[in-house]
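These notes are about the structure you will find just below.
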Amino acid sequence: MHVLILGGTTEARRLAETLVAGAVPGVRVTSSLAGRVERPRRPPGEVRLGGFGGVDGLAAWLREHHVDALIDATHPFARTISFHAAEAAALTHVPLLAVRRPGWVAVEGDDWHGVESLEQAARLAPVLGSRLFLTTGRMGLAAFAGCAEAWFLVRCVDPPEPPLPPRSEVLLDRGPYTLDGERDLMRRHRVDVLVTKDSGGAATAPKLAAARELGLPVVVVRRPPVPQGVPVAEGPEAAVAWLARIHPSG
């Protein structure tokens, strides 16, 4: 059984590790990474880098490499590849599962402001404060390029490409982060608004707790929907169980 994992996330890497270790007998694992991160953490098993060339390219790859199951474990905001995966799976009749870590949930003391896009976040955040901690990744920063009045601390893994907000400082760093570290960072830079995507997971959640402790508003970009009709698992364990069900003989 050949399984293609569309990866780049912690969940995708853990799933590849579990399958390569033999959680489901007789499985060959290929992980596909988009190549947007300069030094990606390569999972075990076979690895391919780069895009497929749209729906038709992905469908052709599935056929050529005799893929028996497709698992979309990409970032919750990687909307394009998720919809391409759904279309390619339908064209090739390959079973598809989406792995999506649970989103974050506000608790008492949080001051969250939900928006549907980075453009909406760019309009709202400068209204809430003047020193913004931008943790939405290096893609899409152009949405904030017109925010001339606010100052931005932009944190991302790899150097972002322009355009950037005119008053900004770039911090290159990779999670996981700690509550103490996030609290100290926000205090040191006198941050008064946090801007984030609802990525979910524990690795970057400490920034939310730090904002809560400091009484800061948080602009949260909501997730795009998973393609209709695609089953969803919350983590690698559920994905392994799904594979065992569709490939019970190993």
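Small disclaimer: the values here were computed from a predicted structure and weren't measured.
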Nearest non-hydrogen partners of S199 and F77, listed with the distance: N-CE1, 4.2 Å

From CA spacing to verdict: side-chain contact (heavy atoms from CB on, under 4.5 Å), V191, L216: CA-CA 8 Å; V191 168; L216 306 183; 4.1 Å; yes

Close side-chain approach of S168 and F144, heavy atoms under 4.5 Å: no

Main-chain N/O of A73 paired to T9 side chain as donor or acceptor, under 3.5 Å: yes

Residue E234 excluded, over 12 heavy atoms near CD under 6.0 Å: no

Hphob cluster co-occupancy, L97 + L91, side-chain heavy atoms under 4.5 angstrom: no

Given R188, R187, R155, K207, the one that forms salt bridge (Lys or Arg N to Asp or Glu O under 4.0 Å) with E182: R155

Which atom of P160 lies closest to which atom of L141, heavy atoms considered: CB-CD1, 3.5 Å

Minimal non-hydrogen separation, G137 against C156, with atom names: C-CB, 4.2 Å

Check: P126 main-chain N/O paired with R123 side-chain donor or acceptor under 3.5 Å: no

Value rounded to 0.5 Å, distance of OG1 in T30 from CG in L19: 11.0 Å

Separation between OG of S31 and CG of L4, rounded to the nearest 0.5 Å: 8.0 Å

Heavy-atom closest contact (P166 atom, A148 atom, distance): CG-CA, 3.8 Å

R101 side chain to G235 backbone, donor-acceptor under 3.5 Å: no

Reported CG-to-OG1 distance for the pair L134 and T196, which is rounded to 0.5 angstrom: 9.0 Å

From V67, L62, L70, L58, residue fulfilling side-chain contact (heavy atoms from CB on, under 4.5 Å) relative to T92: L62

Approximate separation, where rounding is to 0.5 Å, of F133 CZ and L185 CG: 4.5 Å

D184 side chain vs G181 backbone, donor-acceptor pair below 3.5 Å: no

V170 and P159, any side-chain heavy atoms less than 4.5 Å apart: no

Test log, rule salt bridge (Lys or Arg N to Asp or Glu O under 4.0 Å), inputs D72 and R100: CA-CA 9 Å; D72 172 18; R100 292 290 182 271; 2.8 Å; yes

Same cluster (ILVMFWY, side-chain, under 4.5 Å), I71 and I246: yes

side-chain contact (heavy atoms from CB on, under 4.5 Å) assessment of W151 paired with R190: CA-CA 10 Å; W151 177 88; R190 295 180 288 117; over 6 Å; no

Side-chain donor or acceptor of D198 paired with backbone N/O of W104 under 3.5 Å: yes

For the student: nearest non-hydrogen atoms of L33 and G7, plus distance: CD2-C, 4.0 Å

Residues L132, D192; criterion side-chain contact (heavy atoms from CB on, under 4.5 Å); working and verdict: CA-CA 6 Å; L132 314 184; D192 55 15; 4.2 Å; yes

Cluster link V220 to L124, ILVMFWY, side chain under 4.5 Å: no

Salt bridge (Lys or Arg N to Asp or Glu O under 4.0 Å) assessment of E237 paired with R14: CA-CA 9 Å; E237 296 79 9; R14 284 174 49 205; 2.9 Å; yes

Parallel, tilted or perpendicular: ring planes of H65 versus W61, cut at 30 and 60 degrees: parallel

Joint cluster assignment, F152 & V157, ILVMFWY side-chain distance < 4.5 Å: no

Considering all heavy atoms, the nearest V230-A86 contact: CG2-CB, 4.0 Å

Pairwise distance CG(L208) to CH2(W112) - rounded to 0.5 angstrom: 5.0 Å

Spacing of NE2 belonging to H75 relative to NZ belonging to K197, to within rounding of 0.5 Å: 6.5 Å

Residues L243, M1; criterion side-chain contact (heavy atoms from CB on, under 4.5 Å); working and verdict: CA-CA 10 Å; L243 282 173; M1 182 188 199; 3.7 Å; yes

Shared hydrophobic cluster for V193 and V127 (ILVMFWY, side-chain gaps under 4.5 Å): no

Donor on one side chain, acceptor on other, H113 and D111, under 3.5 Å: yes

